[in-house]
Amino acid sequence: KVQLVESGGGSVQAGGSLRLACAASESIISVRIGWFRQASWAEREGVAAISTASGTTYYSDPVKGRFTISRDNAKNTLYLQMNSLKLEDTAMYYCAAGYGLPWYFRYAYNYWGQGTQVTVSS
């Protein structure tokens, strides 16, 4: 069973940056790894994902051009670099791993971390 632990969340002013990390308990070569977020009033939504074997990346429209997903297979770690943060980016961010499609579908992922809070203020 893959275990995922997120880190790097925090409070930042609008326009600032944060880098999230997700450490996996074992090799993530053969899975798709994604970042989801959930605000208290909203459904959990896909933010970005990467196919760890091919390196293909996927982004939701609201974060495209601002967020960058990357992975270090040697360290079994996934990253999410978040730049130009906006108030609407405030949410709990979750790392997830799975094999299903589409990449933004939460039920395509089998394993989830506990989440890390990101709060953007004006």
Side-chain angles (χ1 to χ4, degrees):
K1 179 181 177 180
V2 176
Q3 292 184 318
L4 305 170
V5 179
E6 303 95 336
S7 61
S11 297
V12 64
Q13 288 191 321
S17 299
L18 283 174
R19 189 194 195 202
L20 306 183
C22 173
S25 60
E26 60 186 70
S27 173
I28 56 175
I29 294 291
S30 60
V31 304
R32 179 179 301 106
I33 298 278
W35 288 99
F36 284 72
R37 66 186 181 185
Q38 186 169 16
S40 57
W41 59 87
E43 295 290 323
R44 192 169 297 188
E45 62 174 356
V47 174
I50 186 168
S51 174
T52 56
S54 68
T56 303
T57 56
Y58 311 86
Y59 295 96
S60 66
D61 286 342
V63 308
K64 202 171 292 182
R66 300 188 297 121
F67 291 10
T68 303
I69 190 171
S70 62
R71 91 286 193 200
D72 185 332
N73 288 344
K75 296 182 178 180
N76 291 341
T77 301
L78 177 75
Y79 302 98
L80 185 69
Q81 178 66 44
M82 304 186 296
N83 298 328
S84 302
L85 283 161
K86 303 177 180 180
L87 298 179
E88 54 263 41
D89 294 319
T90 294
M92 185 72 78
Y93 283 71
Y94 297 90
C95 175
Y99 300 87
L101 292 170
W103 73 266
Y104 51 83
F105 188 50
R106 64 179 292 184
Y107 299 105
Y109 295 81
N110 305 90
Y111 307 105
W112 292 84
Q114 294 300 305
T116 185
Q117 178 68 37
V118 171
T119 302
V120 184
S121 60
S122 58

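Within the 4.5 Å cutoff, no side-chain heavy atoms of Leu78 are placed close to those of Leu4. Within the 4.5 Å cutoff, the side chain of Ser70 has no heavy atoms near those of the Ile50 side chain. Looking only at side-chain heavy atoms (C-beta outward), Ser60 and Phe67 stay at 4.5 Å or farther from each other.
The two residues Val120 and Thr90 have their closest heavy-atom pair at N-OG1, 2.8 Å. Scanning both residues, Leu20 and Gly9, for their nearest heavy atoms gives CD2-N, 3.6 Å. Closest approach of Ala91 to Ala39, counting heavy atoms only: CB-N, 3.8 Å.
With Ser51 contributing its side chain and Arg32 its backbone, the two residues share no donor-acceptor pair below 3.5 Å. For Glu6 (side chain) and Gln114 (main-chain N/O), a donor-acceptor pair under 3.5 Å exists by modelled atom type. Checking side-chain atoms of Glu45 against main-chain N and O of Arg37 turns up no donor-acceptor pair under 3.5 Å.
No continuous path of hydrophobic side-chain contacts links Tyr59 to Tyr79 [ILVMFWY only; heavy atoms under 4.5 Å]. In the hydrophobic cluster analysis, where Ile, Leu, Val, Met, Phe, Trp and Tyr join through side-chain heavy atoms closer than 4.5 angstrom, Trp35 is grouped together with Val12. In this structure, Tyr107 is not a member of the same hydrophobic cluster as Leu101, with clusters built from ILVMFWY side-chain heavy atoms closer than 4.5 Å.
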Name every donor-acceptor pair, under 3.5 Å, that has one atom in a side chain of residues 80-87 and the other anywhere in the protein, sequence neighbours excluded.
{"from": "Gln81", "atom 1": "NE2", "to": "Asn83", "atom 2": "OD1", "distance (Å)": "2.9"}
{"from": "Asn83", "atom 1": "OD1", "to": "Ser17", "atom 2": "OG", "distance (Å)": "2.9"}

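Grouping Ile, Leu, Val, Met, Phe, Trp and Tyr residues whose side-chain heavy atoms lie under 4.5 Å apart, directly or via other members, places Phe36 in a hydrophobic cluster with Tyr58, Met92, Tyr94, Trp103, Tyr104, Tyr109, Trp112.
Within a 6.0 Å sphere centred on CD of Gln3, other residues, nucleotides and ligands contribute 12 heavy atoms or fewer.
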